[in-house]
Protein chains: 2
Amino acid sequence: MFIKIDFETEMPIYEQLKRQIIEGIAKGALKKGEQLPSVRQLAEDIGINLHTVNKAYNILKNEGFLTIDRRKGAMVSNLMPEITEQYLELLKEELKYLISNSYCRGMRKEGFLSICESIYDEIDDEKKF
Amino acid sequence: MFIKIDFETEMPIYEQLKRQIIEGIAKGALKKGEQLPSVRQLAEDIGINLHTVNKAYNILKNEGFLTIDRRKGAMVSNLMPEITEQYLELLKEELKYLISNSYCRGMRKEGFLSICESIYDEIDDEKKF
DNA sequence: AGACTGTTATATAATATATATAACAAGCAG
DNA sequence: CTGCTTGTTATATATATTATATAACAGTCT
């Protein structure tokens, strides 16, 4: 796997794991229906505890990104979660903070949008293969 | 003050405080040089501990949003922090995650940019007065 | 002198994070 | 059937974070 954990940062390991898996799905490194390493295997690979991996997997299952089959383990869902009203609210709140912070520091609308655009394009590029 | 704390969410109180103050500065509810309530006053207003407010104030001081004078208390900095390379990295990482998540859920580039734009416009609107 | 600042120090409680170990039930391959 | 792999569940432990409670201090202002 492509997982890289930063043990120095304040962000919990399970949260880093969760984010990197979602980013992996977005850019196509993980394809729909693809099987993920078992909790024990991934835990050993990155040198952490099995329960930490399990926590990340379960959050992703509850959010709809993964499907967990007792016999086969975890795999990427064939149907991705929807843009619910609840998700939209969370997204807007997060963006409001990031934009406010950037705005205070003098970043104009165009600069911010340009960053978002390049990240979107980056994802699309990696999706080619 | 305009602070509203949600005691149900998992986001720490001091983090909510920090974010709302930055958002307040961005939209002009707090102006440069304006004095903030004392840690004791604000803590009493929103029914939390003085140290929780103090923590938020100090983080904001270290990031350059506030200036703290022992005799007068905290006030909004006259010079806002810069867009450092470090900040840019954090911003991009955060956006990469938000965009990946939204992308998986089927949101296209235009939809995401449109949300960002409307939040920027919202801030500009409130800035009028 | 008295009232107000932020600051510092201690102590405590509750929660979150991460680890370690062990055991269980289900499925599958030999 | 036996042995291996799944995720799952249960306990226990250690550490760090978050939040509160009290108290005291030094500086500033009226």
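The chains referred to below are lettered A, B, ... by the order of the sequence lines, with proteins before strands, and numbering in each begins at 1.
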K.L.:
How many Å lie between CD on A:Gln41 and P on D:dC4, as a whole number?
P.N.:
16 Å
K.L.:
Is the closest basic N to carboxylate O distance between A:Glu63 and A:Lys18 below 4.0 Å?
P.N.:
yes
K.L.:
Which one, D:dG7, D:dT18, C:dT17, comes nearest to the side chain of A:Ile68?
P.N.:
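The answer is D:dG7, which lies nearest to the side chain.
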K.L.:
Between atom CD in A:Glu8 and atom P in C:dA18, what is the gap in whole Å?
P.N.:
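To the nearest whole Å, that distance equals 13 Å.
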K.L.:
To the nearest angstrom, how far is A:Ile5 atom CD1 from C:dT17 atom P?
P.N.:
14 Å
K.L.:
Choose from D:dA19, C:dG6, D:dG7 the nucleotide whose nearest atom is closest to any side-chain atom of A:Asn54.
P.N.:
D:dG7
K.L.:
So, is B:Asn58 near the phosphate of C:dT7, with a side-chain N or O under 4.0 Å from OP1 or OP2?
P.N.:
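Yes, within the criterion.
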K.L.:
Rounded to whole Å, how long is the line connecting atom CD of A:Glu10 with atom P of D:dT17?
P.N.:
10 Å
K.L.:
Strictly by modelled atom types, are B:Asn58 and B:Asn54 linked by a side-chain donor-acceptor pair under 3.5 Å?
P.N.:
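Present: a donor and an acceptor within the cut-off.
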K.L.:
Could you check how far CG of B:Leu42 sits from C1' of C:dC4, rounded to whole Å?
P.N.:
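Atom CG in B:Leu42 sits about 16 Å away from atom C1' in C:dC4.
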K.L.:
Can you check the B:Glu44 CD to D:dA19 C1' distance for me, whole Å?
P.N.:
18 Å
K.L.:
Rounded to the nearest angstrom, tell me the gap between atom NZ in B:Lys61 and atom P in C:dT5.
P.N.:
17 Å
K.L.:
What's the verdict on side-chain contact (heavy atoms from CB on, under 4.5 Å) for A:Ile21 and A:Phe65, showing C-alpha distance, side-chain angles and the deciding distance?
P.N.:
CA-CA 9 Å; A:Ile21 290 174; A:Phe65 290 98; over 6 Å; no
K.L.:
Is the phosphate of C:dG6, meaning OP1 or OP2, less than 4.0 Å from a side-chain N or O of B:Tyr57?
P.N.:
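No, B:Tyr57 has no side-chain N/O under 4.0 Å of OP1/OP2 on C:dG6.
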K.L.:
Let me know the distance between CG of B:Leu60 and P of C:dG6, rounded to the nearest Å.
P.N.:
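Checked: the CG to P distance equals 14 Å.
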K.L.:
When you get a sec, tell me which of D:dT6, C:dT7, D:dT8 is the closest nucleotide to the side chain of A:Ser38?
P.N.:
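So the nucleotide nearest the side chain must be D:dT6.
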K.L.:
Apart from B:Ile59 itself, what residues make up its hydrophobic cluster when side-chain heavy atoms of I, L, V, M, F, W and Y under 4.5 Å apart count as a link, directly or indirectly?
P.N.:
B:Tyr14
K.L.:
Show me the side-chain donor-acceptor pairs of residues 104-113 of chain A shorter than 3.5 Å, one per line, residues at least two apart or across chains.
P.N.:
{"unit_1": "A:Arg105", "atom_1": "NE", "unit_2": "B:Glu82", "atom_2": "O", "d": "2.8"}
{"unit_1": "A:Arg105", "atom_1": "NH1", "unit_2": "A:Asn101", "atom_2": "OD1", "d": "2.7"}
{"unit_1": "A:Lys109", "atom_1": "NZ", "unit_2": "B:Asp121", "atom_2": "OD1", "d": "2.9"}

K.L.:
Does A:Lys32 reach the side chain of A:Met80, with side-chain heavy atoms less than 4.5 Å apart?
P.N.:
yes
K.L.:
Assign a letter to each nucleotide of nucleotides 20-30 of chain D from its 5' end: B, base within under 4.0 Å of a protein heavy atom; S, sugar-phosphate only; -, no contact.
P.N.:
BBB-B---SS-
K.L.:
Compare side-chain N and O positions of A:Lys55 against OP1 and OP2 of C:dT17 and report whether any pair is under 4.0 Å apart.
P.N.:
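Answer is yes, contact under 4.0 Å.
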K.L.:
Could you check A:Glu15 against A:Arg19 for salt bridge (Lys or Arg N to Asp or Glu O under 4.0 Å), going step by step and ending with a plain yes or no?
P.N.:
CA-CA 6 Å; A:Glu15 178 71 21; A:Arg19 289 182 175 216; 3.1 Å; yes
